[in-house]
Student: 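If you scroll down you'll find the structure; I have some questions about it.
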Number of protein chains: 2
Amino acid sequence: MVVVTINAGEATDVDGYDKHAYEPFAVTVDLAVFTLRAGALHVLLVERGQEPYAGRWALPGGFVLPEESAETAARRELAEETGLTGSAGIHLEQLRTYSEPGRDPRMRVVSVAFTALLALPPGAPEPHGGGDAAQARWTPYDSAGPLAFDHDRILADARERVGAKFEYTCLATAFCPPEFTLGELQQVYETVWGTCLDRPNFRRKVLATPGFVEPAPTGAARLTGGRGKPAALYRAGTATALHPPLVRPATEGRPA
Amino acid sequence: MVVVTINAGEATDVDGYDKHAYEPFAVTVDLAVFTLRAGALHVLLVERGQEPYAGRWALPGGFVLPEESAETAARRELAEETGLTGSAGIHLEQLRTYSEPGRDPRMRVVSVAFTALLALPPGAPEPHGGGDAAQARWTPYDSAGPLAFDHDRILADARERVGAKFEYTCLATAFCPPEFTLGELQQVYETVWGTCLDRPNFRRKVLATPGFVEPAPTGAARLTGGRGKPAALYRAGTATALHPPLVRPATEGRPA
DNA sequence: GCAAAAGTGTTGTGCCTACACCCATGT
DNA sequence: ACATGGGTGTAGGCACAACACTTTTGC
């Protein structure tokens, strides 16, 4: 076998041998797509129709095409799986790359994993899967049983990253509809962190961070659940970082 | 061309066609290896001996071999480039994956980038490069002129990540020898951040964080530069996260 | 009126910045 | 003696957690 490991540059030996002579690497993307449904964190899963892991659930994903970047491929898969048309504004972020040999029993697959956060509009279409016999479904994170391949680990990594990023970014608005109340934003935090937050302090913190939220142009307020004082509406601001961070309290009681 | 994009699972169509029929993806690793030399941040670069970018400097890296994970390949390359034997304890961390088509003019190369932090022992061997005509050299970060491929961007991303991680992790000890003084640790922070820190406060902060540093078993102290009171020696603790974080002050004066 | 949810005020604690000050060593 | 760097003490300030309180709606 040709030894390329002492090569100092990047791929400088490629010209020297047949590009097709070796077992190729397949490059795929895997997506951990999160949303909030009925006050619980849900993840988008697809059911596999073929071996290996036929009948098992897995993260959606697919091949990176020859002319695509991994980001482009991920956004394309996301649009296909969720059926959402305007996927341009959806928050999509690279998580990390999983490359252990043997993670796919058939061949060498290197997978770039992404995390996506989206808000389901009230009348959003159910995910329809991507053809074949596969179906797609929103699944509560806690019920996302054993998945195919190493997707359990990918999903856990993605979940952890989302929780951590909530502390120092404005990411939480990605789970909210275009206009939302501060109470809804707080519920997003409480659901993702599994903690209770003090409402007055949360409110002050959010409003004191420039660019986190801005009042909705319509001065309108909305009734939360029928009862209670109507809440002011806000929309996501332009800021992306959160200084100072919103610290997650030590694990305490669950939100009511 | 076979349409694989509507496939819901991961690589489920692979069995249906010849694995060698398409232009394969090459998978490489690129390393941004940082160290501190003479009070300045340095990065390990190699000079390319072949086209494209012959004579230009680039980040070290190489192919992922068929039986390797990207992490394994990165650690192997790191050991080869630095000549360090005990590379097991070196901090190595995945940065992100760069997959834009055309980033290598010859073929489709997907590169998993890593960041490595290490302390150069006093008599450390100079990096010897990896064979061919390439040479390797420690270069001040600020002088790391235009690099080959998209390595300027990778290096900038790595640099930013290192600075950010210093705030909320114990990573700074990776730049220190096995035993170090708190003054040395502070200089590490000041060099990486380009700021001045208050010594008494820095000291308290570090010592108040359990597991950040622990006193060296030998009660020995060391003379810093000939002058001044001998400083107590510490070694890196077992903690990895930093609660609460060590906040980087708004960009002010440079360290003396 | 009562419950429920939004929104405002206030107070105490604690951390952290900034600076003054002592200690030990080399020249 | 003095310069240099390590180490300790302390006062002021700012931020935040905790909780009391008012407001506006539905029943």
Side-chain angles (χ1 to χ4, degrees), chain A residues 39 167-168 176 179-191 193 195-210 212-216 218-234 242-253 255-256, chain B residues 39 167-168 176 179-191 193 195-210 212-216 218-234 242-253 255-256:
Chain A
E167 291 195 5
Y168 58 97
C176 293
E179 299 198 336
F180 53 88
T181 69
L182 293 185
E184 289 168 340
L185 185 62
Q186 181 176 349
Q187 280 182 10
V188 168
Y189 271 93
E190 291 178 336
T191 301
W193 283 351
T195 59
C196 294
L197 297 174
D198 182 83
R199 192 161 38 78
N201 294 335
F202 178 83
R203 161 182 213 80
R204 267 185 290 262
K205 186 85 175 193
V206 170
L207 294 180
T209 304
F212 192 175
V213 299
E214 54 188 28
T218 68
R222 190 174 51 178
L223 309 186
T224 310
R227 273 188 287 283
K229 179 176 177 177
L233 285 175
Y234 295 86
L242 210 52
H243 290 300
L246 197 62
V247 273
R248 153 170 46 172
T251 312
E252 309 173 73
Chain B
E167 292 196 4
Y168 57 96
C176 293
E179 299 198 338
F180 52 89
T181 69
L182 293 184
E184 289 169 339
L185 185 63
Q186 182 177 348
Q187 280 182 10
V188 169
Y189 271 93
E190 290 178 337
T191 302
W193 283 349
T195 59
C196 294
L197 297 175
D198 182 83
R199 192 160 38 77
N201 294 334
F202 177 83
R203 161 182 213 78
R204 267 186 290 262
K205 188 82 173 193
V206 170
L207 294 180
T209 304
F212 192 174
V213 299
E214 54 189 28
T218 69
R222 189 175 52 178
L223 308 186
T224 310
R227 276 187 286 281
K229 177 177 176 177
L233 286 175
Y234 296 85
L242 211 51
H243 291 299
L246 198 61
V247 273
R248 156 170 43 174
T251 312
E252 309 171 75

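This is a predicted model, so every value here is computed, not measured. FYI, side chains are in, hydrogens and waters are out, and symmetry mates aren't considered; it's all heavy atoms of this structure. Numbered from 1 within each chain, the chains take letters A, B, ... in sequence-line order.
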Student: Between A/Leu185 and A/Phe212, is the side-chain contact (heavy atoms from CB on, under 4.5 Å) condition met? List the steps.
Tutor: CA-CA 11 Å; A/Leu185 185 62; A/Phe212 192 175; 4.3 Å; yes
Student: Any donor and acceptor pair, going by atom type alone, linking the side chain of A/Lys205 with main-chain N or O of A/Pro200 inside 3.5 Å?
Tutor: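 Between the backbone of A/Pro200 and the side chain of A/Lys205 there is no qualifying donor-acceptor contact (under 3.5 Å).
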Student: Ignoring hydrogens and geometry, is there a side-chain-to-backbone donor-acceptor pair from B/Glu190 to B/Leu197 under 3.5 Å?
Tutor: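 Pair found, side chain donor or acceptor close to backbone of B/Leu197.
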Student: What is the distance from NZ of B/Lys205 to P of C/dG14, rounded to the nearest Å?
Tutor: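 Computing the B/Lys205:NZ to C/dG14:P distance gives 16 Å.
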Student: What is the separation between atom CZ on A/Phe180 and atom C1' on C/dA6, rounded to the nearest whole Å?
Tutor: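 Distance, rounded to whole Å: 16 Å.
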Student: Quick one: pull up OH in A/Tyr168 and CG in A/Leu242 and give me the separation to the nearest 0.5 Å.
Tutor: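 With rounding to 0.5 Å, OH (A/Tyr168) is 11.0 Å from CG (A/Leu242).
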Student: What bend angle does the helix from C/dG1-D/dC27 to C/dT27-D/dA1 show across its length, from five-pair end axes and to the nearest 10 degrees?
Tutor: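 Comparing the first five pairs with the last five, the axes sit 10° apart.
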Student: Evaluate B/Phe180 against B/Tyr234 for ring pair (Phe, Tyr, Trp, His ring centres under 6.0 Å), listing each step before the verdict.
Tutor: CA-CA 5 Å; B/Phe180 52 89; B/Tyr234 296 85; 7.2 Å; no
Student: Nearest 0.5 Å, please: how far is CG in B/Leu182 from CZ in B/Arg203?
Tutor: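 Nearest 0.5 Å value for the CZ-CG distance: 5.0 Å.
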Student: Whole angstroms only, please: what is the CD-P distance between B/Glu184 and D/dG5?
Tutor: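 Between P of D/dG5 and CD of B/Glu184: 13 Å.
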Student: Can you measure B/Leu197 atom CG to C/dA18 atom P for me and round it to whole angstrom units?
Tutor: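 It is 11 Å, rounded to the nearest whole Å.
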Student: How far does CH2 of A/Trp193 sit from CG of A/Leu246, to the nearest 0.5 angstrom?
Tutor: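 Taking CH2 in A/Trp193 and CG in A/Leu246, the distance rounds to 4.5 Å.
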Student: Between P on D/dG5 and CZ on B/Phe202, what's the gap in Å once rounded to a whole number?
Tutor: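 Distance check: B/Phe202 CZ to D/dG5 P gives 17 Å.
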Student: Just how far is it from atom CZ of B/Phe202 to atom CD of B/Gln187, taken to the nearest 0.5 Å?
Tutor: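 Those atoms lie 10.0 Å apart.
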Student: For a quick check, with a 4.0 angstrom heavy-atom cut-off, what is the B/S/- contact string for nucleotides 7-12 of chain D, read 5' to 3'?
Tutor: BBBB--
